[in-house]
Amino acid sequence: MDLTNDVTKTLGIRYPIIQAGMAGSTTPELVATVSNSGGLGTIGAGYFTTEKLDQEITLVEELTDLSFAVNLFVPSDKLYLPEKVEKMNAWLRPYRRALNLEEPTVNISEEAQFNAAIDLLIEKQIAIVSFTFGIPNYKAIDKLKANGVTLIGTATSVEEAIANEQAGMDLIIAQGSEAGGHRGSFTYVTGSQVPLVGTMSLVPQVVDAVDIPVIAAGGIMDARGLIASMVLGAKGAQLGTAFLTTEESGASKLYKSAIQDSKETDTVVTKVFSGKPARGIDNDFIHNMNRYDDDIPDYPIQNQLTNSIRKASAKNGDTKWTHLWSGQSPRLAQSISAATLMQQIINQTKALI
Ligand SMILES: Cc1cc2nc3c(=O)[nH]c(=O)nc-3n(C[C@H](O)[C@H](O)[C@H](O)COP(=O)(O)O)c2cc1C
């Protein structure tokens with residue numbers, strides 16, 4: 001098994017290890033440390049304004065001269081339905097009252113923000129951009145490609161992988177159902193059910209269906225996971241939860257401890273926090289809100305409606321009403337620096353192969 005392959009060559013990195021762009025939890029230190037250790041650091045820019053994205057890129061560039069990526073959320077085409085929002089606000093009222101919070105105003109400016117981010121990334125000469133939640137519009141793809149940017153798409157099924165390849169993505173992340181955080185899905189199996197296929201099943205089936213290199217994601221925390229992914233035909237692995245508990249991550253102490261105190265059976269996929277299915281540690285908010293599952297406003301509306309509740313709960317040092325995204329391998333999460341984690345994975349991978 002060779003650690004130098006199409007993924008490392010295309011991305012200009014030494015080892016096929018990618019730190020997931022985790023919106024809300026990456027820091028310039030985390031991104032730069034992973035890149036400086038031979039992997040690919042990724043700025044999780046999904047929630048950033050262009051000003052914040054600009055600042056973050058500058059900070060990363062001060063810390064590394066090596067390749068790094070920026071991850072963006074592809075805008076959704078969901079509708080704002082006032083009756084749904086009104087109902088949800090009524091259900092959320094007890095939480096807001098308990099935390100002394102106002103009802104927020106909802107703002108849907110995803111498309112404009114996304115297009116502005118694309119222009120900024122081109123202006124800043126960012127070499128690698130990854131996407132989740134779908135395939136960007138062809139104008140954005142054409143613009144990025146015309147500027148030589150390498151594009152990475154996310155797929156949670158073979159159908160989504162083929163769609164990504166046909167749209168012109170250079171690489172594809174096959175995100176298994178073990179993965180922490182939001183599902184990158186943009187198709188439905190039935191009704192509102194998104195694909196939930198385990199990494200071990202998804203990766204080889206995607207590898208067989210596309211010609212572009214595949215990167216495995218979901219439950220991978222160490223050299224064993226990286227090697228297993230490569231045996232399945234992936235050319236690299238993207239790790240989220242493993243980097244989330246490192247010293248450089250932006251996750252709070254409370255959040256990191258919640259992951260480290262969890263078991264493999266403690267996470268669930270839920271859309272109660274954001275309107276989009278995401279895997280996180282089960283808690284009181286999920287239990288209480290799950291009964292409204294069919295009436296939850298779509299992302300990004302629900303995300304905005306619950307935002308202040310999640311923030312206030314976490315600020316109070318309380319995990320019961322905040323999202324705690326985590327993959328299914330929390331027992332393997334370590335409280336070490338990202339540089340040490342990278343070194344560990346690299347050394348153990350070399351020893352095992
Ligand atoms: C806290 C957290 C935030 C995440 N945010 C994003 C994101 O902004 N964009 C994205 O493409 N993936 C995001 N993901 C998913 C990762 O890209 C990846 O699929 C996942 O972390 C892999 O599973 P693992 O957590 O078991 O390693 C996030 C994951 C976590 C744990």
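Note that the structure is predicted; figures quoted are calculated from it, not measured. Read the numbers this way: they start at 1 and go in the same order the structure lists the ligands and their atoms.
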Got a sec, which residues hit salt bridge (Lys or Arg N to Asp or Glu O under 4.0 Å) with Asp293, two or more places apart in sequence or on another chain? none
Are Asp298 and Lys271 within salt-bridge range, i.e. N to O under 4.0 Å? no
Verify whether one side chain among Thr132 and His182 offers a donor that lies under 3.5 Å from an acceptor in the other. no
Asn36 side chain to Thr64 side chain, donor-acceptor N/O pair below 3.5 angstrom: yes
Under 4.0 Å from ligand 1 - residues by heavy atom, chain and number: Ala20, Gly21, Met22, Ala23, Asn71, Phe73, Thr132, Gln175, Ala179, Gly180, Gly181, Ala217, Gly218, Gly219, Ile220, Gln238, Leu239, Gly240, Thr241, Leu244, Tyr255, Trp325, Gly327
Can you list everything that forms a side-chain contact (heavy atoms from CB on, under 4.5 Å) with Leu59? Sequence neighbours excluded, please. Pro28, Glu62
For residues 108-131, pull every pair meeting salt bridge (Lys or Arg N to Asp or Glu O under 4.0 Å), keeping only residues two or more places apart or in separate chains. Asp54-Lys124, Asp119-Lys143
